[in-house]
There are 2 protein chains.
Amino acid sequence: MIFTILIAYFLVLQAKDKLIAHLRRIIQLSPTEEVIVRNSFKKKHLDKKEVLLFTGEVSSHMQFIADGCLRAYYMDDEAKEHIVQFGIEGWWVNDLYSYLTQTPAKQFVQALEKSTVLQIHRDTLNDLYNEVPAVERFFRLKFEKAYVAFQYRTIDAMAKPAEERYLEFRTKYRDIEQRVPQYMVASYLGITPEFLSALRKNLR
Amino acid sequence: MIFTILIAYFLVLQAKDKLIAHLRRIIQLSPTEEVIVRNSFKKKHLDKKEVLLFTGEVSSHMQFIADGCLRAYYMDDEAKEHIVQFGIEGWWVNDLYSYLTQTPAKQFVQALEKSTVLQIHRDTLNDLYNEVPAVERFFRLKFEKAYVAFQYRTIDAMAKPAEERYLEFRTKYRDIEQRVPQYMVASYLGITPEFLSALRKNLR
DNA sequence: CCCCTTTCTTAATCCACCTTAAGATTATTC
DNA sequence: GAATAATCTTAAGGTGGATTAAGAAAGGGG
């Protein structure tokens with residue numbers, strides 16, 4: 001019993017250590033600031049297939065993945081799933097539109113493996129921007145990077161044929177490809193699983 | 001002569017007034033800060049078809065459109081143009097990837113009409129982030145918004161048929177549609193001008 | 001106001017990718 | 001370790017949008 005508590009406490013620390021290390025790769029934090037940041041986030045454990053955010057809910061937290069693998073996806077009118085983003089350790093996942101505009105989410109966020117995320121509430125984060133300006137800088141840079149990465153993904157998606165996109169996905173996200181089913185990769189690439197299967201056959 | 005100079009000076013003021021008004025819609029600026037911001041930007045006039053940024057150059061400035069209409073586009077291997085973004089008064093245009101990573105631009109930025117832009121150099125802007133933190137907040141919010149807007153554009157582009165995308169473009173950017181040739185709208189939507197023409201015929 | 005360039009349309013043919021449906025593998029669960 | 005669910009493959013036929021080539025219309029410079 002005590003033992004379990006100790007292990008749990010250790011995991012919390014570990015998760016937050018990962019977050020701090022992640023931030024320190026971009027910005028500097030004084031020891032005091034580090035404490036403030038640590039206290040602003042709450043750990044949340046997710047089972048495989050557990051849904052962190054449902055369509056229709058308003059997303060109120062930014063989420064850092066300390067461990068595991070999640071996906072963000074939406075369902076079209078014909079109830080088909082379209083994966084917008086995968087995330088593994090060290091990534092952030094969310095329906096950002098919902099988070100930023102405080103409107104109901106159009107996306108689901110779901111764990112594909114047992115996962116640990118660190119959550120910070122929008123209000124807490126907005127306070128944190130004032131208390132620890134470096135955190136605001138971190139997110140400015142984060143969004144800049146996310147924006148250009150996304151722009152290039154889109155340009156690729158519109159200009160390049162599916163085979164090329166798949167090959168790029170493989171080299172860029174080898175670690176993810178190993179961990180998620182193939183039909184989800186197809187969904188992320190914007191093609192049907194049947195077509196991906198056919199592509200892969202051609203590549204052999 | 002003197003008269004021309006007076007008019008030119010008036011236009012500079014006008015342009016910077018527009019910028020300040022644009023910023024004030026999002027953040028607050030003290031009179032001192034306003035002066036600092038004004039002095040950080042330089043006005044640039046562009047003739048129709050003039051290119052502001054060439055592929056291969058490194059983009060070193062953020063650019064606010066005070067007047068006119070511009071486009072950002074890239075050329076694929078087959079020398080076909082793909083429009084990534086349009087911009088009119090009150091928008092920002094750039095090859096952000098180049099600006100942020102200081103690598104050679106893959107996009108052109110070109111005026112589609114006589115235009116006026118206000119430019120700020122990357123170094124000046126980075127200083128400005130420290131001198132006027134509200135400006136950093138402005139750009140954090142700007143990138144957040146740009147990111148989600150782009151994400152939704154992409155989701156649309158992958159999920160919806162061309163006709164629907166065209167109709168959405170029309171309602172969302174009526175003002176732009178009036179000002180740019182139809183084949184550029186097609187390029188922005190990721191379809192051929194011939195197909196757009198056929199679509200429009202069907203809608204009548 | 002005319003000429004030349006830019007832009008838009010029409011129509012035939014073609015291809016990347018989708019749909020449907022069925023069977024073959026591979027995981028999970030009891 | 002059998003049963004069931006989840007995932008992957010194969011193959012036939014369909015469709016959205018591209019390509020090519022022409023001509024029509026609209027603009028803009030001199």
Side-chain angles (χ1 to χ4, degrees), chain A residues 47-51 69 71 73 75-83 86 108 110-114 154-170 176-204, chain B residues 47-51 68-69 71 73 75-83 86 110-114 154-170 176-204:
Chain A
D47 284 332
K48 185 170 180 174
K49 298 197 179 172
E50 191 173 342
V51 173
C69 182
R71 64 166 175 161
Y73 67 98
M75 289 176 70
D76 65 20
D77 337 305
E78 286 127 31
K80 260 177 293 184
E81 297 179 0
H82 298 260
I83 296 184
F86 289 114
F108 291 86
Q110 184 195 32
L112 300 176
E113 306 172 355
K114 247 175 160 267
T154 304
I155 287 175
D156 274 23
M158 297 189 79
K160 295 182 183 166
E163 181 172 317
E164 211 170 323
R165 275 182 281 149
Y166 171 60
L167 290 173
E168 280 172 22
F169 178 83
R170 266 173 78 157
I176 292 181
E177 204 205 353
Q178 316 294 2
R179 290 164 73 168
V180 307
Q182 188 174 307
Y183 73 87
M184 288 193 187
V185 175
S187 172
Y188 178 84
L189 293 173
I191 59 177
T192 56
E194 293 86 350
F195 190 60
L196 178 54
S197 180
L199 280 186
R200 286 164 53 87
K201 193 184 171 191
N202 280 330
L203 292 174
R204 263 182 274 130
Chain B
D47 283 332
K48 186 170 179 174
K49 296 198 180 171
E50 191 173 341
V51 173
C69 181
R71 63 166 176 162
Y73 67 99
M75 288 175 70
D76 65 21
D77 336 306
E78 287 128 29
K80 261 177 295 184
E81 298 178 0
H82 299 260
I83 296 183
F86 290 114
Q110 186 194 30
L112 299 177
E113 307 172 355
K114 248 174 160 268
T154 304
I155 287 174
D156 275 21
M158 297 188 79
K160 296 182 182 167
E163 181 171 317
E164 210 170 325
R165 276 182 280 148
Y166 171 61
L167 289 173
E168 279 172 20
F169 178 84
R170 266 173 77 157
I176 291 182
E177 204 205 353
Q178 316 294 2
R179 289 163 74 168
V180 307
Q182 191 175 305
Y183 74 89
M184 289 194 187
V185 175
S187 172
Y188 178 85
L189 293 174
I191 60 178
T192 57
E194 293 86 350
F195 190 62
L196 178 54
S197 180
L199 280 187
R200 286 164 53 87
K201 193 183 169 190
N202 280 329
L203 292 173
R204 264 184 273 131

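Everything numeric in this text was worked out from a predicted model, so none of it was measured. Residue numbers begin at 1 in each chain, while the letters A, B, ... track the order of the sequences.
Partners of B:Glu164 under the salt bridge (Lys or Arg N to Asp or Glu O under 4.0 Å) rule, at least two apart in sequence or in another chain, do not exist in this structure. Considering only residues two or more places apart in sequence or on other chains, B:Gln182 meets the side chain to side chain donor-acceptor pair (under 3.5 Å) condition with B:Arg200. Annotation: side chain to side chain donor-acceptor pair (under 3.5 Å) contacts of B:Arg179 (sequence neighbours excluded): B:Glu89, B:Glu113. Listed by chain and number, the residues in a side chain to side chain donor-acceptor pair (under 3.5 Å) with B:Ser187 amount to none (sequence neighbours excluded). Not counting sequence neighbours, the partners of B:Glu78 by the side chain to side chain contact (heavy atoms under 4.5 Å, CB included) test are B:Asp76, B:Lys80. For the ring-ring contact (aromatic ring centres under 6.0 Å, His included) test, residues two or more places apart in sequence or in another chain that qualify with A:Tyr188 are A:Phe86, A:Phe169. Scored by the salt bridge (Lys or Arg N to Asp or Glu O under 4.0 Å) test, B:Arg71 finds B:Glu81 as partners (sequence neighbours excluded).
For the helix from C:dC1-D:dG30 to C:dA22-D:dT9, the axis fitted to the five pairs at one end and the axis fitted to the five pairs at the other end meet at an angle of 50° (nearest 10 degrees).
A heavy-atom distance below 4.0 Å to DNA chain C is reached by these residues of residues 161-168 of chain A, ordered by number: A:Pro161, A:Ala162.
We find that CG of B:Leu196 is positioned 10 Å from C1' of C:dC8, with the value rounded to whole Å. A straight line from CG of A:Asn202 to P of C:dA16 spans 11 Å, rounded to a whole angstrom. Look at CG on B:Leu199: it is 12 Å from P on C:dT10, rounded to the nearest Å. Atom-to-atom, CG of B:Leu189 to C1' of D:dA18 comes out at 15 Å; the value is rounded to the nearest Å.
The nearest pair of heavy atoms linking B:Val180 to B:Cys69 is CG1-SG, 4.0 Å. The shortest heavy-atom contact between B:Leu189 and B:Arg165 is O-NH1, 2.5 Å.
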Is there a side-chain contact (heavy atoms from CB on, under 4.5 Å) between A:Leu203 and A:Glu163? Walk through the geometry before answering. CA-CA 9 Å; A:Leu203 292 174; A:Glu163 181 172 317; 3.5 Å; yes

Begin from the C-alpha positions of B:Ile191 and B:Tyr166 and carry the test side-chain contact (heavy atoms from CB on, under 4.5 Å) through to its verdict. CA-CA 10 Å; B:Ile191 60 178; B:Tyr166 171 61; 5.8 Å; no

Protein and nucleotides 23-30 of chain D: nitrogen or oxygen contacts under 3.5 angstrom:
none

What N/O pairs connect the protein and nucleotides 4-7 of chain C at under 3.5 Å? Give each pair on its own line.
| from | atom 1 | to | atom 2 | distance (Å) |
| --- | --- | --- | --- | --- |
| C:dT7 | OP2 | B:Tyr183 | OH | 2.8 |

For nucleotides 19-26 of chain C, list the nitrogen or oxygen atoms of the protein found under 3.5 Å from its nitrogen or oxygen atoms, one pair per line.
| from | atom 1 | to | atom 2 | distance (Å) |
| --- | --- | --- | --- | --- |
| C:dT19 | OP1 | A:Lys80 | NZ | 3.4 |

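With contacts defined as side-chain heavy-atom distances shorter than 4.5 Å, the pair B:Lys48/B:Leu112 does not qualify.
For C:dA11, one of the phosphate oxygens OP1 or OP2 lies less than 4.0 angstrom from a side-chain nitrogen or oxygen of B:Lys201.
In this structure, B:Val180 and A:Lys160 both approach DNA chain C, and ranking their closest nucleotides by distance from the 5' end singles out B:Val180.
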